[in-house]
Each structure stands twice: as C-alpha cells, then as structure tokens.
Amino acid sequence: MESAAKIINSLFFRSFLIFAFMVTVSVGSLSAQGNRRVAKQRANLPQAPADYRSKNFLIHTDLPAEDARNLLERLEKMLVIISSYWASPNRAVIECYVVKDMANWPAGSLHPAGMQSIAGGGGVTMSRTTYRGKQIVAAKSIVYATANGGTPQHEAVHAYCAQNFGRTGPVWYSEGMAEMGNNWKVVPRKGQPLAVTCEQYVIDYIKRSEPKSLNEIVNSKETTGDSWQNYCWRWALCHLLATNPNYAARFRPLGLGLLMNKPVSFNQTYGSMDREISFEYLFFLRHFDQGYRCDLCQWDWKTKFRKPNSVRPLASKIEANQGWQASRVLVEEGQEYQISTIGEWNTATESKEVTASGDDSGRGTLMGVVLYENENDEYELSAEFELGGAERFQAPASGKLFLRCRDHWHELADNSGKISVKIGE
C-alpha cells in the first residue's frame, strides 16, 4: 500500500508540474500579447516632440524614436555625398524641425513661416549669414519640414549650401540640386556617375508632359516653392548635367561659382554646347527610368564621320552596355550599304551570349539610327531600324549613322560584350 501511495503521489506531483508549466506558458503568452497591445496603443498615442542628434544634425521631431534615428542616418549619408561633390565639409550642425503631426506640437513651438510650409505639405529653410567683406563669419540655417517623403533631405541640402557658401544659388540650380540630394541614395565610387533613383511620380509626370525647354528652366522668373512640377524639370536638368560626362566637367565649377556669387552663368558656361545639351536633354526625358545611366547613354559629338567605299569599309566596335555609338559612317537617304558583324554580347549577367541577330525576343539585336540636322539647325533622329545579322541595309535618312545593342535604356549597366561592325558601299 505504501508503495502504491508513493506511485500515486509521484503521478500527482508530475501532473501538477505539467499543469503549472502549462499555466506559466499561457500566462507568458498572454503577457506577450498584452505587451504588443500596449505597444500598439502607444504607437497610436500622440508623440511629443523630442531631440535627436548625430554628427552633423540636430532634429526636433514628433517621429517615433526609430524613425527619427533612420532619418538621421539618411541625412548623414546624403551629406557625405553632397559635401564630396562640392568638395566642402559641413561647417556647423544643421538644425531641423521635422513634423509628422502638427497636433503634437505645442503652440508657439514652430516658426509661423515653417508652420505654413509644413501645413502645405512641404518645407522651408531659414538662413542667416554674417559676412566680413566677402568672408563668411557666421552662418546658421534652420529647416522646417514635413516628415513625409524626402522633404527633410531636400531642405537639408539648402541648409548645407547656405551654411557653407552663404547662399543656395539661382532657383533652377538651388531646387534642382536639392532634389538631386534627396534622390542620392548611395555614396558613388570615385568616377562612377549616379543612376536615376528619383520618386516614381517624377518619372510618370515627366513622361506624360510636354517638356520644358532649357530656356524656360534656366532663364525664367520662377520662385522657390512654386510647384512640385517645376521641381521635376529642375531636377532632370541638374541630373543630366551632373552625370553626363559631356557636361559634368563644366557643371560642377558652374555650380560652385553660382554658390559663391561669382560672375558665371549657364549661358556663359554652355553657350557653345547649346544644341548638344538641348538634344541630349530631350533624349533623356524620353528614355529615362529608374536605373538610367547618363554616362552610358551619352552621345559622341567628337568622332569624325565620312562616306564609306567598297574598297575600304569603315570599322567600329559597338559595346553592349552603351547607348547610341558612332559608326563613323555618313549615309545618304535611300542608298544601300554592305554590313558585316563579328562577335557576341549579352543583355544581362545571367543571359546567354548572342550575335548581332539578338535572341528570340529581339533583345541584343544590332540597331541603327541616323542623326541629322533639320531646317532649324537642330539635331534630329530618324526612326530606329533593325540591322541584326543583315548583309545589306538601306539608309532611312542622310546623316551620321549610330549603332547600339537593343535593350531597355535603364538596363544597360549589366550588359557585356561587343560587336565589330564593318560598313561599305
């Protein structure tokens, strides 16, 4: 009997332990669920403004702490990019008021002008600069920005320029470069221009709109904060000039001159290249998308072209990872020409190599276009036409023949290989 009692007691004790463990787990689970509910409720509560600091920024914001720290990280990364571009380290901490919900801010805690800009869904940068002669003695900028989108980054570019150079430049440059700063996501390797990484609504708007001319952007009486549509055009022009090797070498000194109030202007800098810039600007607007690289799509304005003959055909090497490239051949409308190709290329890292005939979908096909001057002395393009593995072709217009590997314009960077081309009569 004693042995049986011990067995019963032992079983009861084990059952009690199992029951106790199950209760503990249930209580722990309920506790965790309760903590999540509390955290969720707290997340929905009004967030009192707090201060967050990094090396170059002081942010007053009602954003949750994690969001505020992420914003500081983005701002610091952007500052590395723009200070490297302008070759000028940041002079002083940039102070920002970043507002998620106006209801979280006590009366009088925000400047009236800042409140007005934030209420309109944007931001404003207020700057004060003290000079001794032409030398900056002190400069202070304060940013007021909505927490939505890239407004804090955009305004921080203005603040950086004002504190380091004493001014932000004319509207087209000031706002265009501020949008550049907002869109720069990574620090580029030396000598590597940036790909397009703007917001999708910018691409959608530009592609469905009648383009603004260079003159309308650069020489108009537009004002800062006028419209997001005008910001799109300013960004497009600045991105092209800053990342296309044909114009980038002149653009940075022009920008620094504008920031330092030197006697420089867009027209003085690019007057001799007006036709080329206008052509490439419109070409960029028609073809760009996320990932588009201006350095890979630049036009060759230096190569000399001439008419081929049957004895000595003209040779060129066409790279798969670039846009339209010079064939060196002057063609005449309606005339037939002989063409031969050697080599292979591919249109993606994982794709198979193909000849000039391309793959079954048409990617990788050798394409041609003729560049000519119209009656207004402006550059114009013929319709694009397929060459592939043909032995002869007929020129659709008279002018300079350019060639390329068919692929999406914003997906050229991962292409590789080249085709050798010979063209004669």
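Remark: Glu425 does not engage Lys307 in a salt bridge, criterion side-chain N to carboxylate O under 4.0 Å. Ion pairing between a basic and an acidic side chain is recognised when a charged N comes within 4.0 Å of a carboxylate O; Asp359 and Lys352 show no such pairing.
With Ser351 contributing its side chain and Asn346 its backbone, the two residues share no donor-acceptor pair below 3.5 Å. Side-chain atoms of Thr197 come within 3.5 Å of backbone atoms of Asn183 as a donor-acceptor pair (strictly under, hydrogens ignored). Panel note: side chain Arg406, backbone Met367; no donor-acceptor pair is recorded below 3.5 Å. No donor-acceptor pair under 3.5 Å is formed between the side chain of Arg74 and the backbone N or O of Gln153. Judged purely by atom type and a 3.5 angstrom limit, Arg275 has no side-chain atom pairing as donor or acceptor with the backbone of Tyr379. Judged by distance alone, with hydrogens and angles left aside, the side-chain atoms of Tyr337 form a donor-acceptor pair with the main-chain N or O of Glu332 at under 3.5 Å. Of the possible polar contacts, one joining the Asp62 side chain to the Lys100 backbone as a donor-acceptor pair under 3.5 Å is found. Distance alone, capped at 3.5 Å, is enough to place a donor-acceptor pair between the Trp345 side chain and the Gly364 backbone. In this structure, Ser398 contributes its side chain and Glu333 its backbone to a donor-acceptor pair below 3.5 Å. Side chain of Lys418 to backbone of Asn321: no donor-acceptor contact under 3.5 angstrom is found.
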Please lay out, stage by stage, how Phe284 and Trp409 fare under the test ring-ring contact (aromatic ring centres under 6.0 Å, His included).
-> CA-CA 10 Å; Phe284 170 64; Trp409 286 99; over 10 Å; no
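Considering all non-hydrogen atoms of both residues, Asn415 and Ala320 come closest at ND2-O, 3.0 Å. Residues Val98 and Trp105 approach most closely at O-CZ2, 3.7 Å, considering heavy atoms. Across all non-hydrogen atoms, the minimal contact from Thr341 to Ala356 is OG1-CB, 3.7 Å. Between Leu63 and Tyr52, the shortest heavy-atom distance links the atoms O-OH, 4.1 Å. Across Asn246 and Glu280, no two heavy atoms sit closer than the pair ND2-OE2, 2.8 Å. When all heavy atoms are compared, the tightest approach of Pro211 to Leu282 is CB-CD2, 3.8 Å.
Environment of CG in Asn376: crowded, with over 12 heavy atoms of neighbouring residues, nucleotides or ligands closer than 6.0 Å. Annotation: Arg392, atom CZ; neighbour count of heavy atoms from other residues, nucleotides and ligands within 6.0 Å is above 12. Within a 6.0 Å sphere centred on CD of Glu391, heavy atoms belonging to other residues, nucleotides or ligands number 12 at most. Within 6.0 Å of the NZ atom in Lys317, the count of heavy atoms belonging to other residues, nucleotides or ligands does not exceed 12. Atom CZ of Arg286 is surrounded by more than 12 heavy atoms from other residues, nucleotides or ligands within 6.0 Å.
A heavy-atom distance below 4.5 Å is found between the side chains of Gln163 and Asn90. Contact check for Glu73 versus Glu76: no side-chain heavy atoms found under the 4.5 Å cut-off. By the 4.5 Å heavy-atom criterion applied to side chains, Tyr160 and Ser141 are not counted as neighbours. When side chains are defined from C-beta on, Thr303 counts as touching Arg328, because their heavy atoms get closer than 4.5 Å. Between Leu72 and Ile59 the shortest side-chain heavy-atom distance falls below 4.5 Å. Annotation: side chain of Thr347 is not in contact with side chain of Glu411 (no heavy-atom distance under 4.5 Å). With a 4.5 Å cut-off on side-chain heavy atoms, Asn182 and Val157 do not count as touching. Contact annotation: the side chain of Asn230 never approaches that of Val171 to less than 4.5 Å [non-hydrogen atoms, C-beta and beyond].
For the atom pair CG (Asn244) and CD (Gln298), the distance works out to 5.5 Å, reported to the nearest 0.5 Å. With rounding to the nearest 0.5 Å, the separation of CG in Leu330 from CG in Leu314 is 9.0 Å. One finds the CG atom of Asp414 at 7.0 Å from the CG atom of Asp407 (value rounded to the nearest 0.5 Å). Here the CE atom belonging to Met180 is positioned 9.5 Å from the CG atom belonging to Leu241, to the nearest 0.5 angstrom. The distance from the CD1 atom of Ile206 to the CD atom of Gln229 is 11.0 Å, given to the nearest 0.5 Å.
A parallel orientation is assigned to the rings of Phe279 and Phe283, their planes being inclined by less than 30° (bins at 30° and 60°).
Aromatic ring centres of Tyr97 and His111 lie farther apart than the 6.0 Å criterion allows. Side-chain rings of Phe402 and Phe305 approach one another, their centers coming within less than 6.0 Å. Trp233 and Tyr205 have their aromatic ring centers within a separation under 6.0 angstrom.
Of the candidates Glu179, Arg234, His158, Ser174 forms a side chain to side chain donor-acceptor pair (under 3.5 Å) with just one, namely His158.
Cation-pi geometry between Arg404 and Trp324 is satisfied (NZ or CZ under 6.0 Å from the ring centre, within 45° of the ring normal).
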